[in-house]
Structure formats: structure tokens, C-alpha cells
Asks: 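Just dropping this structure here.
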Amino acid sequence: MSEPLLDIDDLTIVFGGGRGALPWQRLPDVRAVQHVSLKIDAGDTLGLVGESGSGKTTLGRAVLRFLRPQSGSIRLGDFDVTGFGRRVPTEYRKTVQVVFQDPVGSLNPSMLVGAIIAEPLRIHFDMDSRAARERAGELLEQVGLQRHHLDRYPHEFSGGQRQRIAVARALATEPDLLVLDEPVSALDVSTQSQVINLLERLQRETGAAYLFIAHDLAVVRHTCHRIAVMYHSRIVELGDSDDICERPAHPYTELLLASIPDPDPAVQHLKSQRRRELAQGVAGASGRAPTNSCPFAERCPHAMEVCWESFPEPVPTATGGTVWCHLHTTGPRLGGRPVSELATDAQLAEAPAAAADG
Ligand code: SF4
């Protein structure tokens, strides 16, 4: 079997607590990413899905080597990314490129589009101005724009067109991997599908692999070969896109799927009902904050005592994926008991006295 293009192994990223309001105060560390392992094969797309604050963008930034993880490793092709010192090799910057969510903020408003796309061509391929302009024109055409757009400024374009320009600039270095950080979240629905179709076509033409970061499972469902679902710094489910969307194994994945609107009113009614059930996690009433527990325990309607005591080990799913959930190891089927059925602390305290009375 061939080696994956991107190999992330047991990655942990902690943002160190800075100083608080008072001189002696130190803010607690924030674990943004914990023990994450992922692989992407050449030419494949992995969707990384989760809500805001789940750590997915931090993970993408670590792959881009915008920040250094505390432990674990990242390898991209022949590059040992976590082994880089302060200076990241120019060749690595050429191999991995990024498209950000906000095409307004990511394009320099004072530069003409031609100069924006030519810049990486001159840096990485040492092209002269004429050759760089020629290639920039080709790239614009490849993303569905025209050569005369080279002489316009970013503000003269719509949101979708600006994202096409950002994609053209990212493709200029002929990268092996594109990190797409919520690339369509700022666009309206019809423009979203145009940009997604463009990204799919470009992947077929260039063979680049994508790490597609999104908060919406509906966006990545038809775009990605595989999906990793992330919740509160942890991967909780990983598998083929169709399998994850048709037979989710983790309660959080179920919640994400139930949140996707459906045009059929009957289906939508069932989904809303399911979403309400999932959102009313019984364990939240306990007031216990997750530490080494399952991070979803406070919201999960199936939470059991064991969920508060340890993060689950990975378990293979029936569809060939992997899930991190105690339901699949010590769940009710296997003798576990939901938290809602467990005795409260007060009942436990009264139990010896009741036994003695009896
Ligand atoms: Fe719910 Fe427990 Fe599974 Fe977490 S491990 S998702 S709390 S059942």
C-alpha cells in the first residue's frame, strides 16, 4: 500500500494560558487539539467538520505550519513538518496552499488581480513579469474568469469571483495539498455550489488533495471522499462520506445530520424532532464539566457514567469507519447504564442508612 500524502499522528495543540487581569493571575491552558490522527491520500478530499471552537481551523493552521504543535507529528510527502525549525522551507510553502473563508480579507485590496496571482509565480518559479502575467491569465481562465480581469482590483468582483481569484492564486504554485478553510461559508447558496463544482473540477485536473474544513455537514457531504467529525478538540468519528451520512455512529454526527434542512416537510418534521431529542442531553443537568471525559457528555442523551470518566477508545464501525463513543463498547447493550438511570449522590448517601433500617 502506498504512503498517504498527509499523515497526522497523535497531534496535540495547547494554547498556553497568558496573564490574567491581575499580575499573579495565569489563565488556564486551552487544549485546542487533542490526540488527533488523520491521513489524506494524494488526490483525495478529507472533510473536517465541526462547530466553531472545535479545533478544526487550528488543525489546518498546524498543517500549514502557521503554528507549532506541542506533541505528535505531521508529515506531508517527504516533509517532516513538525521537525521544522523557526524557518519554514520555501519549498514547503509551495507544496501546501490555503484558501480562506473571507475572500475580501485574504486578497490585498491595493494590488491588481494580475499582481496578486503573479506574486507566488515569481517567488516559487522565478518567472519574469511577462511569463508570470501569461500564467496568471491562464489560471484565471482555469477558474472561470477572463484575462482582462488581471487589470482589476479585488473590490470590483463579487464574493464568488473573489473566491475564484483566491483559488487561482492558491493553485499557482501547483500544490500537492490545498487547505480549504470554510471556503464557501461566506457565499450565498447558489454561489456555494458553483465554487464547490469548480473545486471538484480543479481537483480532477490538478490531482491536488484537499483538506476541506467546514462547520456544515451538508457542504462536505457530496464533496469529500472521507469525513472526520471533530468536537471540542477531538475527532469523534471518521469514515467514508456516504457511510457517515447514511449510518452515523456517533450521537454528535447524528445531531449534525439532523441539523441539515430537508425540502420534504415530513422528513424535516422527523429531523426537527430528532434534533430536539439529541439537544436535550440528560447529562447536562449534572453540572459536571468534561475534563478527560467524552467532550460531548454534557449534551449527549445517551451519556453514561463511564462517559464522564474516560475518553472512549477508537472502535471500528460496521461500515468500516472509526468511532470514539462508549455506546459501542460499554453501552446499554453491553451492560452500561445511562446517567439518567444512575442514583444521584443524595440517594447514594442515603442508601447505607436505608439498608441498616431494613
Ligand atoms: Fe454520548 Fe458517551 Fe458516546 Fe460521548 S461516549 S457520545 S457521552 S454515549
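Each ligand, and each atom within it, is numbered from 1 in the order the structure gives.
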Asks: Phe311 ring centre to Arg234 NZ or CZ under 6.0 Å, with the angle to the axis within 45°?
Replies: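 Yes, a cation-pi geometry.
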
Asks: Near ligand 1, which residues have a heavy atom under 4.0 Å away from one of its atoms?
Replies: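 Close residues (ligand 1, cut-off 4.0 Å): His250, Pro251, Cys294, Phe296, Ala297, Cys300, His302, Ala303, Cys307, Pro312, Cys325, His326, Leu327.
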
Asks: Return all side-chain donor-acceptor pairs below 3.5 angstrom for residues 123-132, not counting sequence neighbours, or 'none' if the list is empty.
Replies:
from   : atom 1 : to     : atom 2 : distance (Å)
Asp128 : OD1    : Arg130 : N      : 3.3
Asp128 : OD1    : Ala131 : N      : 2.8

Asks: Could I get the full list of side-chain contact (heavy atoms from CB on, under 4.5 Å) partners for Pro314, not counting sequence neighbours?
Replies: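 By the side-chain contact (heavy atoms from CB on, under 4.5 Å) rule, Pro314 matches Thr322, Trp324.
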
Asks: List for me each residue that meets salt bridge (charged side-chain N to carboxylate O under 4.0 Å, His left out) alongside Asp240, sequence neighbours excluded, and say none if there are none.
Replies: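 Salt bridge (charged side-chain N to carboxylate O under 4.0 Å, His left out) check on Asp240 returns nothing, list empty.
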
Asks: Once you measure the plane-to-plane angle for Phe100 and Phe66, does it fall in the parallel (<30°), tilted (30-60°) or perpendicular (>60°) bin?
Replies: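 Phe100 vs Phe66 ring planes: parallel.
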
Asks: Over 60° means perpendicular and under 30° means parallel, so tell me whether Tyr153 and His155 are parallel, tilted or perpendicular.
Replies: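 If you compare the ring of Tyr153 with that of His155, the planes turn out parallel.
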
